[in-house]
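Here is the naming used below: chain letters follow the sequence lines, and residue numbers restart at 1 for every chain.
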Protein chains: 2
Amino acid sequence: MPRLVASDVARTLRERIMSGDWADRRVPPERALAAELGVARNTVRRAMRLLSADGAITRHVGRGTFVVTAPPAGPDVDGTDDLAGTIARMEGASPADIMEIRLLLEPAAAAFAATDASIGDLAAVEAAHREAVAADDMPGFETWDAEFHHRIFACARNELLREFHALVRVLRNRAPWFDMKKRSFSETRRLAYCQEHGAILAALLDRDPEGARGAMHAHLKTVETNILRR
Amino acid sequence: MPRLVASDVARTLRERIMSGDWADRRVPPERALAAELGVARNTVRRAMRLLSADGAITRHVGRGTFVVTAPPAGPDVDGTDDLAGTIARMEGASPADIMEIRLLLEPAAAAFAATDASIGDLAAVEAAHREAVAADDMPGFETWDAEFHHRIFACARNELLREFHALVRVLRNRAPWFDMKKRSFSETRRLAYCQEHGAILAALLDRDPEGARGAMHAHLKTVETNILRR
DNA sequence: GCTAATTGGTTCACGATCGGCTCAGAAAGA
DNA sequence: TCTTTCTGAGCCGATCGTGAACCAATTAGC
């Protein structure tokens, strides 16, 4: 097996950057790092290239390598489209509206996932399901429940759909959602959710788009009744 | 029938992927697997080919074989919202992905609109329709076409849905969409669009949710064929 | 100001590893 | 017998890590 040392080196360098070593922003020279890590300079150079591609460091011939502190994110100056405003208005979305959107997006995503998902994707969904079943406290279950839903979106080959759900997920973590979830949480409901998740997962593993769509729809209907007390 | 060892091997490899071995995404080299399973390398290769065709693994000469997992992108488990990242990733959405989303949202919005819209809302939709019919140049029609669709969303009583469509609308004005629309524009197509818009509007005025949903779906299918050249 | 040391950038050769490919022969059904 | 499948072997090309040399820009010391 090739040893893939470069990515390991990149990881340790990242950790050092994060941990605040080199707070003066100065990174030791390649040759020194190579000696210290017991690795060839070319290998260090590859790792550096990864970091540089991420924008984590800047390099100058003759001067050295430096940690980038200023966030590379230039807030879009163009401002032509009112994206920020759109997002801001989304923040005020009501739980009922959010549920309506989820009922629109998630069954479709489940159907896509049933046809598009790779084995690895499904393994990830299954792992999230197992974690959710194992979790017995409310925050733990909440995390893995969200992860379960998100990984289903990740199966679908539509990036935009994935990002839309990321947006919904953010909204779900805002008030007044979080409080409502907390109030409506109970062990019996958690078990019911796990069972419904299991049905969804089974349909995905069967590669049954309509089954997945139906199972997801049923699950969300349950959630809706619980959350909105209908 | 011959022994079909290859598919057996493929099955056991699938099981190992699902069981979470190789969680680091690295699959042992063919030669190692062949030795371990007591089978020829060519047989392992056939099995690998099956998995690769499924999209379960990716393979690179000189590097090795890796399990395909859901892209780590997306809202990380660390809980940060990363709205900016979400928006940034949306910008790169492909026309095909956007069409898929539109096909998901807009028929539903039309159905909602048929039941929820006020008289004034419908008058606004009708006005946009008339303007689109009257416009004979590409930018003018484009504007009123977008406005027509947007006003239908405005009819729905779901603010979040409205904002989601605002997002889609922003993306539609980005490259490479705009170019594709421009290329696909023609007078006959404009007339076809106007006619389909008329059908949607008629269903809305009839307060016929399913009719509106169907008309919108048919319209978007037309757009899809024109834009994506299918 | 000039020189030498430092530092990143580039290139090469080498060996090891790994997937891609081909071929001849054995084995097992039809 | 004929076809399909598996086996075993060999060769190719790609990637990676190593080690080394040399270049170019910058800095420090004189």
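- Residue A:L33 contributes atom CG, which lies 14 Å from atom P of D:dT18 at whole-angstrom precision.
- Remark: A:N158 CG to B:L104 CG distance equals 9.0 Å, nearest 0.5 Å.
- Residue B:A40 is the one, among B:A40 and A:S7, whose nearest nucleotide of DNA chain D lies closer to the 5' end (criterion: closest heavy atom).
- One atom, CZ of B:F66, and another, P of D:dA14, lie 18 Å apart when rounded to the nearest Å.
- One distance of note links SG of A:C155 with CG of A:L122; it measures 5.5 Å at 0.5 Å rounding.
- Atom pair B:R46:CZ and C:dG19:C1' shows a separation of 17 Å (rounding to whole Å applied).
- Judged purely by atom type and a 3.5 angstrom limit, A:D206 has no side-chain atom pairing as donor or acceptor with the backbone of A:D208.
- No side-chain heavy atom of A:W144 sits less than 4.5 Å from a side-chain heavy atom of A:V133.
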Protein-nucleotides 7-11 of chain C N/O pairs under 3.5 Å:
unit_1	atom_1	unit_2	atom_2	d
C:dT7	O2	A:G62	N	3.2
C:dG8	OP1	A:T65	OG1	3.2
C:dG8	OP2	A:E30	N	2.9
C:dG8	N7	A:R31	NH1	3.0
C:dG8	O6	A:R31	NH2	3.1
C:dG9	OP2	A:R45	NH1	3.1
C:dG9	OP2	A:R45	NH2	3.4
C:dG9	OP2	A:R59	NH1	2.8
C:dG9	O6	A:R41	NH2	2.4
C:dT11	O4	A:N42	OD1	3.4
C:dT11	O4	A:N42	ND2	3.4

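- What separates CG of A:L4 from C1' of C:dA16 is a distance of 13 Å, to the nearest Å.
- By the side chain to side chain contact (heavy atoms under 4.5 Å, CB included) test, A:V5 pairs with A:R3, A:V9, A:V39, A:T43, sequence neighbours left out.
- Close to D:dT18, at under 4.0 Å from its OP1 or OP2, lies a side-chain N or O of A:T43.
- Distance CG/A:D97 to CD/B:E163: 10.5 Å, rounded to 0.5 Å.
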